[in-house]
Engineer: 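Quick one: the structure is below, questions incoming.
Numbers here simply count residues along the sequence, with the first being 1. These numbers come from a predicted model, not from an experiment.
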Amino acid sequence: MRNIDHLVVGGPGNASGRTKEVYNPSTGEVQAKVALGDTALLDRAVEAAKKVQPEWAMTNPQKRARVMFRYKELIEANMDDLARLLSSEHGKVIDDAKGDVQRGLEVIEYACGIPQVQKGEYTIGAGPGIDVYSMRQPLGIGAGITPFNFPAMIPMWMFGMAIACGNAFILKPSERDPSVPVRLVELFLEAGAPEGLLQCVHGDKEMVDAILDHPDIAAISFVGSSDIAHYVYKRGVDNGKRVQAMGGAKNHGIVMPDADLDQVVNDLTGAAFGSAGERCMALPVVVPVGDDTAERLKAKLIPAIEALRVGVSTDPEAHYGPVVTAEHKARVEQWIDTAEKEGGDIVIDGRGFSLQGHEKGFFVGPTLIDRVTTDMESYKEEIFGPVLQIVRAKDFEEALSLPSKHQYGNGVAIFTRNGHAAREFAARVNVGMVGINVPIPVPVSYHSFGGWKRSAFGDTNQYGTEGMKFWTKVKTVTQRWPDGGGDGSNAFVIPTMG
């Protein structure tokens with residue numbers, strides 16, 4: 001059995017003595033143990049980061065970018081190994097695992113352009129002989145607390161931008177699938193980063209609280225459930241830190257009567273069931289407009305969902321694999337129970353699914369539930385599994401109101417051939433990311449990722465220009481080089497009053 005340790009300056013160490021088991025979701029077997037750190041371990045990591053960060057911040061951006069370029073090359077060279085390792089601990093199939101790595105790599109590619117991205121502003125002649133310029137400087141030490149569902153992508157979203165901007169970074173990944181984050185740190189060191197610039201610590205709530213409370217950590221990025229996101233945001237801000245905390249989601253897909261239903265069904269089967277639904281940008285709620293649309297859509301959905309192949313993570317024919325733990329499998333199935341008790345029509349039931357030869361694996365079959373209404377708890381809350389709910393809307397206005405009124409506001413999609421309807425929907429819907437005939441509208445790396453309402457706490461989004469702004473602070477300089485000989489003829493005048 002493997003032992004997964006921290007990756008901090010001074011070598012591995014686990015003063016707490018506590019560990020957590022890491023499972024293979026396809027078999028249900030324990031395959032490793034990960035060390036859980038404590039405050040003393042975090043202190044050691046922070047001290048190492050404090051020693052290296054000032055010099056890194058003073059390193060010119062071209063040299064910082066070269067490390068990012070080399071890191072990009074190493075990730076690409078190790079793509080297959082990273083995907084296999086990721087699949088073995090998370091359970092997502094190899095293609096999904098490669099997508100996980102690739103979407104993180106795209107932010108690293110964006111960070112390679114940090115000399116351009118981080119340029120400041122300059123105004124000549126803001127007043128008599130006065131110039132004004134601004135510069136963006138790093139915050140110091142940043143930390144990332146990342147979830148189990150994207151163990152490669154989300155860490156790279158965070159530390160790629162933070163380090164490119166001149167910060168040191170401490171990563172606390174999920175203890176459920178910690179091996180890929182450790183490997184990402186190892187490859188970053190191999191790319192030429194100084195030791196201590198990027199470190200990895202493991203832990204549970206004790207480590208999270210230590211990060212939130214540590215006086216030398218200036219900024220924290222978090223992705224997880226909304227209740228914990230709110231906790232992280234409040235405690236971090238109360239301690240004077242800059243915090244972005246991304247929470248849960250209940251993304252809707254609006255299907256207008258004129259939509260291409262064959263394309264919609266193809267998109268829904270991937271967006272709702274891919275990666276076993278364990279994605280904050282999954283599409284677990286479909287909203288057909290009108291009963292005729294609902295019936296036509298359901299008739300096409302049933303055979304498509306029944307044709308989905310559930311398999312082990314290494315099965316190249318599988319559409320999706322197991323969920324991450326036995327506890328999560330039980331939680332998803334409990335939500336199906338709840339939906340049924342609330343009056344939902346279980347059209348396809350994934351409860352009790354068992355894969356021959358892998359009966360101990362954490363598999364949940366694809367599930368379709370019709371006649372879901374907005375007063376049901378199973379609609380209000382995030383299920384985070386391979387479950388698609390149908391909520392019928394009588395018209396466009398009702399369909400628009402559903403995601404707009406929901407407590408979560410991460411992503412939404414509309415399927416239509418009508419440009420006017422799509423444009424109005426995008427402008428009016430109260431959600432942070434919108435797809436028009438795009439089921440999972442995750443923005444490309446040179447835009448930014450972020451939801452609204454209880455899907456995000458904080459004012460700045462992930463990666464892109466927004467990410468650069470989060471990991472830096474603005475300093476503005478007003479300068480004057482007087483010409484006169486001190487006779488008062490060149491007296492200072494505030495630029496706005498000149």
Side-chain angles (χ1 to χ4, degrees), residues 20-32 34 83-97 99-100 146-154 173-180 223-225 228 248-251 268-285 305 308-315 317-339 346 348-369 378 381-389 440:
K20 188 172 180 64
E21 293 175 332
V22 179
Y23 289 85
N24 181 332
S26 293
T27 65
E29 298 173 346
V30 176
Q31 60 178 326
V34 59
R84 282 193 292 268
L85 184 59
L86 194 158
S87 291
S88 72
E89 292 184 353
H90 177 277
K92 63 179 68 178
V93 297
I94 295 294
D95 281 349
D96 277 343
D100 188 332
T146 60
F148 74 86
N149 59 320
F150 283 96
M153 179 184 79
I154 294 176
S174 171
E175 62 274 20
R176 297 178 186 178
D177 46 9
S179 292
V180 165
V223 176
S225 68
I228 299 176
K250 193 78 172 188
N251 306 320
L268 282 175
T269 52
F273 301 104
S275 197
E278 294 174 318
R279 298 188 288 211
C280 67
M281 287 299 286
L283 211 164
V285 178
I305 293 172
L308 290 174
R309 178 185 175 100
V310 183
V312 297
S313 60
T314 54
D315 180 356
E317 302 299 321
H319 293 96
Y320 72 86
V323 297
V324 68
T325 62
E327 292 79 10
H328 192 59
K329 170 184 167 69
R331 178 179 179 273
V332 172
E333 292 187 338
Q334 182 60 53
W335 274 120
I336 301 171
D337 293 343
T338 299
I346 311 297
I348 300 174
D349 193 344
R351 289 171 292 186
F353 182 92
S354 180
L355 188 66
Q356 186 175 1
H358 296 84
E359 288 79 7
K360 293 183 179 180
F362 311 140
F363 298 95
V364 179
T367 298
L368 178 65
I369 308 174
S378 61
E381 300 297 336
E382 184 176 36
I383 295 177
F384 220 62
V387 179
L388 177 61
Q389 296 176 298
I440 302 180

Engineer: Do Arg351 and Ile346 have side chains that approach each other closer than 4.5 Å (heavy atoms only, starting at C-beta)?
Structural biologist: yes

Engineer: Among Ile305, Val364, Leu268, Leu283, which one satisfies side chain to side chain contact (heavy atoms under 4.5 Å, CB included) with Phe273?
Structural biologist: Ile305

Engineer: Can you name the closest pair of heavy atoms from Gly321 and Val93 and give their distance?
Structural biologist: N-CG1, 3.8 Å

Engineer: Taking side chain to side chain contact (heavy atoms under 4.5 Å, CB included) as the definition, give me every residue that meets it alongside Gln356, ordered by chain and number, with sequence neighbours left out.
Structural biologist: Glu359

Engineer: Report yes if the side chains of Val332 and Ile383 come closer than 4.5 Å at any heavy-atom pair, otherwise no.
Structural biologist: yes

Engineer: Which heavy-atom pair separates Val310 from Phe363 by the least distance, and what is that distance?
Structural biologist: CG1-CD2, 3.7 Å

Engineer: Quick one: list whatever passes side chain to side chain contact (heavy atoms under 4.5 Å, CB included) with Thr27, sequence neighbours left out.
Structural biologist: Asn24, Glu29, His358

Engineer: Which pair of non-hydrogen atoms, one from Glu317 and one from Arg309, has the smallest distance, and what is that distance?
Structural biologist: O-CD, 3.2 Å

Engineer: Examine distances only and state if a side-chain atom of Lys250 and a backbone atom of Glu382 form a donor-acceptor pair shorter than 3.5 Å.
Structural biologist: no

Engineer: CG/Asn251 to CE/Met281 distance, rounded to the nearest 0.5 angstrom?
Structural biologist: 5.5 Å

Engineer: To check you understand the geometry: which heavy-atom pair defines the closest contact between Pro147 and Ser174, and what is its length?
Structural biologist: C-CB, 3.7 Å

Engineer: For the pair Ser378 (side chain) and Trp335 (backbone), establish whether a donor and an acceptor sit closer than 3.5 Å, ignoring hydrogens and angles.
Structural biologist: no

Engineer: Below 4.5 Å, heavy atoms only, C-beta onward: do Pro366 and Tyr320 meet side chain to side chain?
Structural biologist: yes

Engineer: Thinking salt bridges, do Arg331 and Glu327 make one under a 4.0 Å N-O criterion?
Structural biologist: no

Engineer: If you round to the nearest 0.5 Å, how far is CD of Glu333 from NE2 of His328?
Structural biologist: 11.0 Å

Engineer: Kindly say whether Gly352 contributes a backbone atom to a donor-acceptor pair with the side chain of Ser354 at under 3.5 angstrom?
Structural biologist: no

Engineer: Give me the atom names and distance for the closest heavy-atom approach of Lys20 to Glu175.
Structural biologist: CD-CG, 3.1 Å

Engineer: Parallel, tilted or perpendicular: which fits the ring planes of Phe148 and Phe384, with parallel below 30° and perpendicular above 60°?
Structural biologist: perpendicular

Engineer: List the atom of Ala318, the atom of Val312, and the distance in Å for their closest heavy-atom pair.
Structural biologist: CB-O, 4.2 Å

Engineer: In a table with atom names and distances, give each donor-acceptor pair under 3.5 Å that connects a side chain of residues 84-91 to protein atoms at least two apart or in another chain.
Structural biologist:
{"from": "Arg84", "atom 1": "NH2", "to": "Asp81", "atom 2": "OD1", "distance (Å)": "2.4"}
{"from": "Ser87", "atom 1": "OG", "to": "Ala83", "atom 2": "O", "distance (Å)": "3.1"}
{"from": "Ser87", "atom 1": "OG", "to": "Lys92", "atom 2": "O", "distance (Å)": "2.8"}
{"from": "Ser88", "atom 1": "OG", "to": "Leu85", "atom 2": "O", "distance (Å)": "2.7"}
{"from": "Glu89", "atom 1": "OE1", "to": "Ser179", "atom 2": "N", "distance (Å)": "3.1"}
{"from": "Glu89", "atom 1": "OE2", "to": "Arg2", "atom 2": "NH2", "distance (Å)": "3.0"}
{"from": "Glu89", "atom 1": "OE2", "to": "Ser179", "atom 2": "OG", "distance (Å)": "2.4"}
{"from": "His90", "atom 1": "ND1", "to": "Lys92", "atom 2": "N", "distance (Å)": "3.1"}
{"from": "His90", "atom 1": "NE2", "to": "Glu278", "atom 2": "OE1", "distance (Å)": "3.4"}

Engineer: Measuring from Leu388:CG to Ile369:CD1, what's the distance to the nearest 0.5 Å?
Structural biologist: 8.5 Å

Engineer: For the CD1 atom of Ile336 and the CD1 atom of Ile348, what is their distance to the nearest 0.5 Å?
Structural biologist: 11.5 Å

Engineer: Under 4.5 Å between any side-chain heavy atoms of Val223 and Thr146, yes or no?
Structural biologist: no

